[in-house]
Amino acid sequence: MTRLRTLFGALGRDRTGSTALEAALVLPMMGFALMAVFDIAMGFSAKLNLVQAAARTAELATAPGTVGSDYSYLTPEAAAASGQPASNVTVASWLECGGVRQASMASICGGGLQIARYVSVTIRGTYTTSFGFGSSIGRTASVPIRGSATVRLQ
């Protein structure tokens, strides 16, 4: 019995291998966190690409001689700039008279009201994650992302 107590006492004081055990517990968690940060950064980059494509397209509406009521020509431009299908692009234009949105872009504001014409470009897309997380470990997921830009014409 004394020998057994001596053996267990020696094992309790022995610290060899504790670093390897700690590393075996911590390294997988750190790897998982690194993969998550990478995936979030790549998703944010994809969203910024959509925002930049929308902003470049909205700027086309300000080109000389293009102010009007039909901005449908911006849809294929936005699709080409973003790499998304035209069905994922929404172009909207509107007129505000004194800060109140009007039904028609071609309306005329009453005297003394501030006139503001706007064009907005919205591009929808999806980001497919590089790694599977959560309950679907090993499966990638598609996350909807959106980029939009609005420019005031007048």
Side-chain angles (χ1 to χ4, degrees), residues 15-154:
R15 298 289 179 224
T16 58
S18 63
T19 303
L21 181 61
E22 289 172 1
L25 293 173
V26 171
L27 285 178
M29 290 186 283
M30 288 179 64
F32 183 78
L34 184 63
M35 289 188 316
V37 167
F38 172 79
D39 229 359
I40 290 169
M42 292 301 292
F44 189 69
S45 175
K47 179 185 172 43
L48 284 178
N49 287 338
L50 291 183
V51 170
Q52 288 175 342
R56 285 193 304 267
T57 304
E59 287 176 7
L60 290 175
T62 64
T66 60
V67 175
S69 59
D70 182 25
Y71 292 95
S72 59
Y73 68 93
L74 293 176
T75 300
E77 294 289 339
S82 66
Q84 297 293 325
S87 60
N88 285 4
V89 176
T90 304
V91 176
S93 58
W94 67 93
L95 168 69
E96 288 183 6
C97 295
V100 178
R101 191 170 182 159
Q102 303 299 306
S104 171
M105 179 81 159
S107 298
I108 297 174
C109 295
L113 294 176
Q114 182 181 10
I115 300 170
R117 296 181 196 277
Y118 296 93
V119 171
S120 174
V121 178
T122 302
I123 306 170
R124 294 175 314 282
T126 56
Y127 170 69
T128 303
T129 60
S130 301
F131 307 102
F133 298 106
S135 63
S136 61
I137 291 178
R139 292 186 187 150
T140 58
S142 291
V143 179
I145 55 176
R146 184 176 69 101
S148 61
T150 303
V151 64
R152 182 174 174 175
L153 303 174
Q154 179 184 20

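Open room surrounds CD1 on Ile108; 12 or fewer heavy atoms of other groups in view lie less than 6.0 Å from it.
Of all heavy-atom pairs between Pro28 and Ala23, the closest is CD-O, 4.0 Å. The two residues Tyr127 and Ala46 make their nearest non-hydrogen contact at CD1-CB, 4.2 Å.
Judged purely by atom type and a 3.5 angstrom limit, Asn88 has no side-chain atom pairing as donor or acceptor with the backbone of Ile123. For Ser82 (side chain) and Ala78 (main-chain N/O), a donor-acceptor pair under 3.5 Å exists by modelled atom type. Here the side chain of Glu96 pairs no donor or acceptor atom with the backbone of Trp94 at under 3.5 angstrom.
Within the 4.5 Å cutoff, the side chain of Gln84 has heavy atoms near those of the Leu50 side chain. In this structure the side chain of Thr126 never reaches within 4.5 angstrom of the side chain of Val143, judged on heavy atoms.
A distance of 8.0 Å separates CZ of Arg117 from OH of Tyr71, quoted to the nearest 0.5 Å. Rounded to the nearest 0.5 angstrom, Leu34 CG and Leu27 CG are separated by 11.5 Å. Distance check, rounded to the nearest 0.5 Å: CZ of Phe44 to CG of Asp39 gives 14.5 Å.
Considering only residues two or more places apart in sequence or on other chains, Thr122 meets the side chain to side chain contact (heavy atoms under 4.5 Å, CB included) condition with Thr90, Ser120, Arg146, Ser148.
Residue pairs that meet the disulfide bond (SG atoms under 2.5 Å apart) test with at least one member in residues 87-121, sequence neighbours left out, are Cys97-Cys109.
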